[in-house]
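Note sheet for the following structure.
The chain is numbered in sequence order, starting from 1.
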Amino acid sequence: METVAWNDFEKVELRVGTIVEVLDFPEARKPAYKVKVDFGPLGTRWSSAQITKHYTKEQLAGRQILGVINFPQKQIANFMSEFLLTGFADNNGDIVLAAVEKPVPDGSKLI
């Protein structure tokens, strides 16, 4: 594992946001959703997320997540992903979302 300097960590904009819309993404190579997240004063952004194994669209609405919002946009099929939705792989490699334990204001930065 490589060590990073504190100022490198500070450059990563890991922010909390609330999922406001979830759409199917049939054009993706692997099963995924298009997820729209409200990051409060930082606005709303879309991401593609391969989280269909553990979550239905209905379970995701209103849920707070952690996202990296200062990566460049990435094209996935015919869709531009505007942030990275974070999570952890389970024993099968399926993604479990990283989330906050209690509600915090959208746009809050991980410190």
Does [X] belong to the same Ile/Leu/Val/Met/Phe/Trp/Tyr cluster as [Y], with side-chain heavy atoms less than 4.5 Å apart forming each link?
X: L84; Y: L110; value: yes
X: F71; Y: L66; value: yes
X: L42; Y: V16; value: no

Fill in: Check: D106/Q64 side-chain N/O donor and acceptor closer than 3.5 Å
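Short answer, yes.
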Worksheet item: Distance-only, no hydrogens or angles: does the S47 side chain make a donor-acceptor pair with backbone N or O of F83 under 3.5 Å?
Response: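 Here the side-chain-to-backbone pair exists.
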Worksheet item: Counting N and O atoms only, with roles assigned by atom type, does the side chain of R63 sit under 3.5 Å from a partner on the main chain of I19, one being a donor and the other an acceptor?
Response: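 Absent.
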Fill in: Chi angles and distances behind the side-chain contact (heavy atoms from CB on, under 4.5 Å) call for E13, V68
CA-CA 5 Å; E13 290 290 327; V68 177; 5.7 Å; no
Roughly how far apart are [X] [atom1] and [Y] [atom2], rounded to 0.5 Å?
X: D94; Y: I51; atom1: CG; atom2: CD1; value: 11.5 Å
X: S48; Y: L23; atom1: OG; atom2: CG; value: 11.5 Å
X: S81; Y: Q75; atom1: OG; atom2: CD; value: 11.0 Å
X: T44; Y: E82; atom1: OG1; atom2: CD; value: 7.5 Å
X: Q73; Y: I76; atom1: CD; atom2: CD1; value: 11.0 Å
X: W6; Y: K11; atom1: CH2; atom2: NZ; value: 13.5 Å

Worksheet item: Per the side-chain contact (heavy atoms from CB on, under 4.5 Å) rule, which among V22, V20, I65 passes with L60?
Response: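 Between L60 and the candidates, side-chain contact (heavy atoms from CB on, under 4.5 Å) is satisfied uniquely by V22.
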Discussion item. I'd like to check the side chain to side chain donor-acceptor pair (under 3.5 Å) partners of D90; sequence neighbours left out, ordered by chain and number.
Written reply: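 Side chain to side chain donor-acceptor pair (under 3.5 Å) check on D90 returns H54.
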Worksheet item: For K109, does the NZ atom have more than 12 heavy-atom neighbours from other residues, nucleotides or ligands under 6.0 Å away?
Response: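 Counting other residues, nucleotides and ligands, NZ of K109 exceeds 12 neighbours.
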Would you list the atom pairs, donor with acceptor, under 3.5 Å between side chains in residues 27-39 and any protein atom, with sequence neighbours excluded?
from, atom 1, to, atom 2, distance (Å)
Y33, OH, Y55, O, 2.8
D38, OD1, G40, N, 2.8

Worksheet item: Does the side chain of L97 come within less than 4.5 Å of T86's, by heavy atoms?
Response: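 No, their side chains stay 4.5 Å or more apart.
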Item to complete: Give the C-alpha distance, both sets of side-chain angles, the deciding distance and a yes or no for side-chain contact (heavy atoms from CB on, under 4.5 Å) between N7 and E10.
Response: CA-CA 5 Å; N7 62 346; E10 287 179 317; 4.1 Å; yes
Discussion item. I'd like to know whether I69 forms a side-chain contact (heavy atoms from CB on, under 4.5 Å) with R45, so could you lay out the CA-CA distance, the side-chain angles of the two residues, the decisive distance to 0.1 Å, and finally the verdict.
Written reply: CA-CA 8 Å; I69 63 168; R45 299 177 189 216; 3.6 Å; yes
Worksheet item: Does the side-chain contact (heavy atoms from CB on, under 4.5 Å) test come out yes or no for I111 and F9, once each step is laid out?
Response: CA-CA 9 Å; I111 52 173; F9 173 71; over 6 Å; no
